[in-house]
Amino acid sequence: MTAKDVVTRIQQKLADAGIAWRAQTVDTFKAGRPETPVRGIATTGMSTLDTLRRASAAGRNFVITHEPTFYNHQDQTTALAQDTTYQAKLRFIEDHGLVIWRFHDHAHLLRPDPLVAGSARVLGLTPYASASERNVYVVPETTLRALAADVARRTGGKQIRVCGDPDMKVTRIALGPGYGVPPLTQAVDVSIGGEAPESGGQAEYALDAQALGRARGVILLGHMMSEDWGMREVAEWLRGVITDVPIEWIAAGEPFGPPRA
Amino acid sequence: MGATPSRRDFLWTAASTLAVASAPRITAAPPELTAAELTARVREKVGVAWRTPSVDGFKAGSPEALVSGIATTVVATIDVLRRAAAAGHNLVITQEPTFYTAGEDGGTAANDPVYAAKRTLVDERHLVIWRFSDHWNARRPNESVAALANALGWSAYRESDSDGLYRIPEIRLDALLQHVRTRLRVRGGLRWLGVPDMPVRTVVLSPGTTDLPSTVSRLPHADAIIAGEPREWEAVPYVLDTRPRKALLSLGRVVSLEPAAAACATWLRSFTPEVPVEALAAGDPYWSPLA
């Protein structure tokens, strides 16, 4: 079975679920030959050089990544052609016979969205899902301080950022994936997501709400501490699609802090 | 103003006592400057052709209001607006949007009491908000880079023919992190990656938006990049993948631009002698659950 065959089966499985393949999508091959026979599949939040090393060492030569490989959403490489970081990564991929394919747009179309489901599962929020509101979780009353500490413990995230009064009461949480931090409105106490633009983002709103005594909070996990877990859900989903080769989630992990040992 | 009358108060009092009713208006009257007049002066002095379209311009309040004082800030939060009003600075010059979107329309909060309360605060305190971002950032050399370097004590270390590259006395990454935390009064917003004991001699300063092209072009010349707001699928993994390893410090947009808001106040003061000018720090919005 080639990498191209795997993608065809994924497309068929999506079509069975009523998800048509989009003409305009970033879900394409990014490096390596699609005709390469697949020995094993690794799913990951991001195909960083470190993730690729671990995938290769584990014999997973087909890497399915949620985020880009070459540092921009479209994985355009023309401007990087002379860059040594890009060249070294491409050489590593070629030398180790890896194939990289992105699964982003269509992964978010699955229901439930595995990127949100994975985040909810690691945060322990799954049992508290609102019956009527998508991506909202209603938890037993806690404080922003306690919630943030719990989030940091469960994810292992070392550089999580929080905005809002630490002592504010929290029961209603909106959860979004990656760059999709849910809007912070009066309908929820806290919004949790990956990363957000600081200008025109939720932090200013949270600060203003706090100044007015209408406590609102934001927890920014970081992009990988938000979406990496979802690719574990995707690995599980893939096992229902592909049974011929081993499938493993290889966490990209927290990019911030010292390098992984 | 304190309880002791200023020299100007004394002259005014004396003058009005002496002048009784007959004299014409005192020629030494303090000039009255509207927000429109003051910002026209800024446009004249900035040294950059005014652009259309631009995000710069009045966002709230009346351009015809007389300016009693100017507050500069990175972002005009409610806390900043209250402090400006309390200090008597009715013209707030901000780098970032005030009402949560570039269009200043409140976005998802448009029908929300927080947005409404912020509008009411501006109206009730007769504040005028003017955004000054595109043109301030277009000045060369870049004001926010120079201001950040100054805040870090590195002004003397600038490489002559480069944009944002500084050759500093060698420092370990962990010590550099401590230096940055202290100098920039970071709370929880600073994130970093790199080897804690790696030596750092060359640093790229990239406040505000830290995009991929400028990172790719400058990182080869540096051991570390001090960023404002890098995207986590762009500059962050690019630095992570680079060998030999480099360091990235991500300050957050507000913290990275705070020194530039102070520099802007100093610059404004040089040509607005009629009114007081003060920089009001918005502060690091974030705290860390691990601190």
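These numbers were taken from a predicted model, which means no experiment stands behind them. Quick note on labels: first sequence line is chain A, next is B, and so on, each numbered from 1.
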Interchain contact, B/Leu173 with chain A, by part (heavy-atom threshold 4.5 Å): neither
Criterion side-chain contact (heavy atoms from CB on, under 4.5 Å) on A/Tyr205 and B/Thr108, from CA distance to verdict: CA-CA 10 Å; A/Tyr205 180 89; B/Thr108 52; over 6 Å; no
A/Glu67 portion near chain B, given a 4.5 angstrom heavy-atom threshold: side chain
Check against side-chain contact (heavy atoms from CB on, under 4.5 Å), A/Asp208 and B/Tyr115: CA-CA 9 Å; A/Asp208 283 351; B/Tyr115 172 75; over 6 Å; no
Residue part contacting chain A, namely of B/Pro196, when any heavy atom lies under 4.5 Å: side chain
B/Leu240 side chain near A/Asp50 side chain, heavy-atom distance below 4.5 Å: no
Option in B/Val74, B/Thr77, B/Thr215 with maximal non-hydrogen atom pairs under 4.5 Å from chain A: B/Thr77
Backbone of B/Trp192 reached by a side-chain donor or acceptor of A/Gln159 within 3.5 Å: yes
Residue pair B/Leu193 / A/Pro255: nearest heavy atoms and the distance that separates them: CB-O, 3.5 Å
Main-chain N/O of A/Gly164 paired to B/Trp287 side chain as donor or acceptor, under 3.5 Å: yes
Nearest atoms (heavy-atom pairs only) where B/Pro289 meets A/Ala149: CB-N, 4.0 Å
Chain A contact via B/Val195 - side chain, backbone, both or neither, heavy atoms under 4.5 Å: both
Residue that, paired with B/Arg243, satisfies side chain to side chain contact (heavy atoms under 4.5 Å, CB included) out of A/Thr85, A/Thr84, A/Leu49: A/Leu49
Any residue meeting side-chain hydrogen bond (donor to acceptor under 3.5 Å, both in side chains) with A/Asn72, in chain and number order, not counting sequence neighbours: none
Expected output: side-chain B/Asp241 to main-chain A/Thr48 donor-acceptor under 3.5 Å: no
Greater than 12 external heavy atoms within 6.0 Å of B/Arg139's CZ: yes
A/Leu207 vs B/Asp79 side-chain heavy atoms within contact, under 4.5 Å: no
Side-chain donor or acceptor of B/Glu232 paired with backbone N/O of A/His223 under 3.5 Å: yes
Point-to-point distance, once rounded to the nearest 0.5 Å, from CD of A/Glu198 to CD of B/Glu229: 5.5 Å
Chain B contact residues among residues 176-187 of chain A, heavy-atom distance under 4.5 Å: A/Tyr179, A/Pro183, A/Thr185, A/Gln186
Pick from B/Glu234, B/Met198, B/Arg191 with the largest number of heavy-atom pairs that fall under 4.5 Å of chain A: B/Arg191
Region of A/Ala88 in contact with chain B, defined by heavy-atom distances below 4.5 Å: neither
Heavy-atom closest pair, residues B/Leu290 and A/Gly157: CD1-O, 3.8 Å
Among B/Pro113, B/Gly188, B/Ser250, residue most engaged with chain A (heavy-atom pairs, under 4.5 Å): B/Pro113
Rounded distance (nearest 0.5 Å) linking atom CH2 of B/Trp233 with atom NE2 of A/His73: 8.0 Å
Heavy-atom closest contact (A/Ala203 atom, B/Pro285 atom, distance): CB-CB, 4.3 Å
Leading residue by heavy atom contact count with chain A [cutoff under 4.5 Å; candidates B/Thr101, B/Leu212, B/Asn111, B/Leu81]: B/Leu212
Portion of A/Ile219 that has a non-hydrogen atom of chain B nearer than 4.5 angstrom: neither
Distance in Å, B/Leu190 CG paired with A/Arg161 CZ, rounded so as to fall on 0.5 Å steps: 10.0 Å
Toward chain A, the part of B/Val236 with a non-hydrogen atom under 4.5 Å: side chain
Most contacts with chain B, counted as non-hydrogen pairs under 4.5 angstrom, among A/Pro166, A/Ala252, A/Ala79: A/Pro166
Part of B/Arg245 within contact of chain A (heavy atom distance under 4.5 Å): side chain
Interchain contact, A/Leu220 with chain B, by part (heavy-atom threshold 4.5 Å): side chain
Chain A interface, residue from B/Ala109, B/Gly252, B/Ala282 that has the most non-hydrogen pairs under 4.5 Å: B/Gly252
Among the listed options A/Ala152, A/Ala148, A/Gly257, the residue most often paired with chain B at heavy-atom distances under 4.5 Å: A/Gly257
Options B/Ala247, B/Gly228, B/Gly189, B/Ala235, ranked by heavy-atom pairs under 4.5 Å with chain A, top entry: B/Gly189
Contacting moiety of B/Pro244, where chain A heavy atoms sit under 4.5 Å: neither
Heavy-atom side-chain contact between A/Tyr86 and B/Val216 under 4.5 Å: no
